[in-house]
Amino acid sequence: MDRYITLIDKLKKERALSAKEWAVLIKNRSPKLSEYLFSLAREEQERCYGKDIFLRGLIEFSNYCKNDCLYCGIRRSNRAARRYRLDEDTILSCCHEGYGLGFRTFVLQSGEDAAFTEARLANLVRRIRKDFPDCAITLSAGEWSKASYRTFFDAGANRYLLRHETRNDSHYSMLHPPSLSAKKRRQCLWNLKDIGYQVGTGFMIGTPYQTPELLAEDMIFLKELNPQMVGIGPFIPHRDTPFKNEPAGTLELTLFLLGCIRLMLPKVLLPATTALGTIHPEGRELGILAGANVVMPNLSPKSVRGDYLLYDNKICTGEESAQCRDCLEKRINAIGYRTVTARGDSLNL
Ligand code: SAM
Ligand code: FES
């Protein structure tokens, strides 16, 4: 136990561990060790961001996807998915509703939908930028060429979320079809950084074939990329995917890694994800108490909420945007934190 406490102290002091140390720490974690880790993570979080938890309004604007990731409920081969695509006016009205609720960051997420061409997506960003000059616009719409990413940036997008999913090339190929590669995914992230986006990356916890050694590679990659945001959440099986019988990732390991990321990158923005809230009723609160400082209530129209299903039993699919916001605010206040709707740019710039 003392040996592992020393590793956590080292992580706090040096903000880094070797791959071997990461694997040892992850393998030998225990409730006692987690308790110690979380207390340090909360200290760092408070030092950097006080008791503020940032709210981002999430708009899931299309669930069409040309990709076929094996874990994902909206993968191309899932014929059972009910597909939808919001038009520009509807997306704008979600932003207006969100603005009225206090949101100053909009996160636009979708599958890789060929109907949203570069020109169309850039035009949408331009319209949102025109109506909301004081807001941050975050895109999460998959892989594009560097030139396209630049077009979106010039149109007014500030941030981009693209999880690397797993740093290891062969693990990546066990989770994705041959048309996708880990190398290309990482190149997209470097391109986004180079253009000047605030970048978010991340991975799922508990994907099939994942090991502590593979997670160690993910942690080293996070350190190397040094993103502004890191989104991690448990893998949860979806009934209409090849991974339907695989076990979900655990709350315990997700919390442990949230704490580790807060110590490694103290200023990073770290969401307590909807997936975390799905595997445990207090998952998001526990995530905050382990070092997370962002939550993303849903602003998508209620009529399509139940169709953006990446995994089974997703929470918050039946609520109105205002209900979702209020519910999260209450939950956050109850554990002694306060919600902030301001833009909340990362301090890790
Ligand atoms: N198409 C964009 C992309 O590829 O980045 C954005 C949408 S994609 C569905 C968003 C994220 O959902 C993925 O990066 C993945 O980590 C996560 N995700 C997909 N299927 C999941 C599952 N079954 N359980 C948990 N998270 C999942
Ligand atoms: Fe959506 Fe609670 S966060 S209903």
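Model, not experiment: these values are computed from the prediction. In listed order, ligands and their atoms are each counted from 1.
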Exercise. Is the centre of the Phe132 ring less than 6.0 Å from the centre of the His96 ring?
Worked result: yes
For this session: Output yes when a side-chain donor or acceptor of Arg42 lies under 3.5 Å from a complementary backbone atom of Leu289, and no otherwise.
Result: yes
Exercise. Where do Lys314 and Glu60 land on the salt bridge (Lys or Arg N to Asp or Glu O under 4.0 Å) test, with the steps shown first?
Worked result: CA-CA 14 Å; Lys314 185 179 176 197; Glu60 297 156 334; 3.0 Å; yes
For this session: Determine the interplanar angle of the His176 and Tyr172 rings, folded into 0 to 90°, and report it as parallel if under 30°, tilted if 30 to 60°, perpendicular if over 60°.
Result: parallel
Exercise. Do Asn333 and Glu329 have a side chain donor and acceptor closer than 3.5 Å?
Worked result: no
Exercise. Under a strict 4.0 Å criterion on non-hydrogen atoms, which protein residues are in contact with ligand 1?
Worked result: Tyr71, Cys72, Gln109, Ser110, Gly111, Ser140, Gly142, Leu162, Arg163, Glu165, Arg185, Met204, Pro234, Phe235, Ile236, Tyr308, Leu310, Tyr311
Exercise. Just checking, Arg85 and Tyr64: is the charged tip under 6.0 Å from the six-membered ring centre and within 45° of the axis?
Worked result: yes
